[in-house]
Amino acid sequence: NVADEFEGQKNLLREFWVPVIKGIKDFRADVTVMAYPADEKALPADFYNVGFDVVFDANLNTALRSFDKKSIEKATTVLIHKDSMPETKRVAVFTDDNYVGRFSTIRITDDRQNKVVSTLNLLLGGMPSIYYGQETGNVQIDELAGTEAINWSDKDSVSGNAIWFNPMAEAKQMVMNKVPVDEQIRDKASACNFFREIVMNKKLQPALALGDYVSITN
């Protein structure tokens with residue numbers, strides 16, 4: 001987290017981060033420096049102005065998770081529109097992380113809404129940030145938000161399976177993700193293959209990754 005104040009110290013963005021980022025860029029100019037503001041009060045411009053290249057914006061995240069069209073449109077227009085963003089800067093578009101939890105948990109009964117939010121996450125503009133397991137429909141387990149393992153297979157012998165996690169999931173009467181990954185790969189309609197399809201289309205259509213964002217009233 002990046003804040004302008006910490007334990008009585010103020011003006012950290014300019015007095016601390018400006019020289020730090022300059023030192024990083026002097027060492028290697030092509031490094032991308034990212035900021036995750038500590039709260040929604042911080043404006044992305046505050047971080048762009050001191051040298052950060054990409055900013056995770058909590059306001060856009062809140063809008064996406066609200067599933068409210070007007071809120072999403074307002075947040076997106078402000079942050080991603082080419083006339084309001086510095087040319088060399090980008091906003092990180094995210095719906096899930098270890099602070100806000102997983103969207104699929106609060107919308108666990110409606111896969112359609114999960115797919116809509118996943119599509120916005122990947123195609124809205126800016127730089128998509130995917131939290132591990134999001135692409136397989138992972139859900140969180142109460143106070144263990146963000147720490148759950150990915151359920152690769154129902155077979156305990158599969159390499160990479162976190163067997164130690166199973167008792168925790170069973171105790172909460174939840175599964176790590178609704179369908180194991182190996183089964184999702186075989187199902188064309190699964191969350192995993194839905195993500196793959198969007199990413200493939202993004203590769204085939206450069207405008208989806210590099211095009212300008214324009215609001216169109218319908």
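All values reported here derive from a predicted model rather than from experimental measurement.
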Within a strict 4.5 Å, meaning less than it, do heavy atoms of the [X] and [Y] side chains meet?
X: T76; Y: L120; answer: no
X: N61; Y: D57; answer: no
X: N121; Y: L64; answer: no
X: N49; Y: L13; answer: no
X: V55; Y: M127; answer: no
X: Y48; Y: T88; answer: no
X: K202; Y: P128; answer: yes
X: D53; Y: V31; answer: no

| query | Is the number of heavy atoms from other residues, nucleotides or ligands within 6.0 Å of CD (E183) greater than 12? | reply |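 Atom CD in E183 is packed in, count exceeds 12.
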Applying salt bridge (Lys or Arg N to Asp or Glu O under 4.0 Å), name anything that partners [X], two or more places apart in sequence or on another chain.
X: R112; value: D110
X: D46; value: none
X: K115; value: none
X: K74; value: none

| Residues in side chain to side chain donor-acceptor pair (under 3.5 Å) contact with D187, at least two apart in sequence or another chain |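 With neighbours one apart ignored, the set is empty.
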| query | Who passes side chain to side chain donor-acceptor pair (under 3.5 Å) against N11, sequence neighbours left out? | reply |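 Per chain and number, N11 pairs via side chain to side chain donor-acceptor pair (under 3.5 Å) with no residue.
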| task | Establish, yes or no, whether a centroid distance under 6.0 Å links the rings of F47 and W17. | result |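 Ring-ring flag for F47/W17: false, centres at least 6.0 Å apart.
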Please enumerate all residues that pass side-chain contact (heavy atoms from CB on, under 4.5 Å) together with [X], with sequence neighbours excluded.
X: T62; answer: E40
X: V117; answer: F67, T95, F103
X: S129; answer: F56, F94
X: D26; answer: K22

State plainly whether one hydrophobic cluster holds both [X] and [Y], where clusters connect Ile, Leu, Val, Met, Phe, Trp and Tyr through side-chain heavy atoms under 4.5 angstrom apart.
X: V91; Y: L43; value: no
X: Y132; Y: I130; value: no
X: I24; Y: V50; value: yes
X: F194; Y: V179; value: no
X: V116; Y: V93; value: yes

| How does the hydrophobic cluster around L204 look, that is, which other residues are in it when side-chain heavy atoms under 4.5 Å mark a link? |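 Members alongside L204: M200.
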| Which hydrophobic side chains are connected to L210, either touching it within the sub-4.5 Å cutoff or through other members that do? |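 Grouped by the 4.5 Å side-chain rule, L210 forms a cluster of one, so the answer is none.
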| message | On a heavy-atom basis, which atom in N193 and which in S190 lie closest, and how many Å separate them? | response |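 Minimum heavy-atom contact is N-OG, 3.2 Å.
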| Taking every non-hydrogen atom, the tightest pair across S71 and S66 |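 Smallest heavy-atom distance, with atoms named: CB-OG, 4.0 Å.
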Enter the distance from [X]:[atom1] to [Y]:[atom2] here, rounded to the nearest 0.5 Å.
X: R90; Y: M34; atom1: CZ; atom2: CE; value: 9.5 Å
X: F52; Y: T32; atom1: CZ; atom2: OG1; value: 12.5 Å
X: K10; Y: E15; atom1: NZ; atom2: CD; value: 11.5 Å
X: I72; Y: L124; atom1: CD1; atom2: CG; value: 8.0 Å

| Criterion side-chain hydrogen bond (donor to acceptor under 3.5 Å, both in side chains) on N114 and S104, from CA distance to verdict | CA-CA 6 Å; N114 285 320; S104 58; 5.1 Å; no
Is a side-chain donor or acceptor of [X] paired with a backbone partner of [Y] at a separation under 3.5 angstrom?
X: R186; Y: D182; value: yes
X: Q134; Y: Y131; value: yes
X: Q184; Y: C192; value: yes
X: T136; Y: G133; value: yes

| task | Report the C-alpha distance between R65 and D96 in whole Å, list the side-chain angles of each, state the deciding distance to 0.1 Å, and finish with yes or no for side chain to side chain contact (heavy atoms under 4.5 Å, CB included). | result | CA-CA 9 Å; R65 294 171 69 87; D96 299 21; 4.0 Å; yes
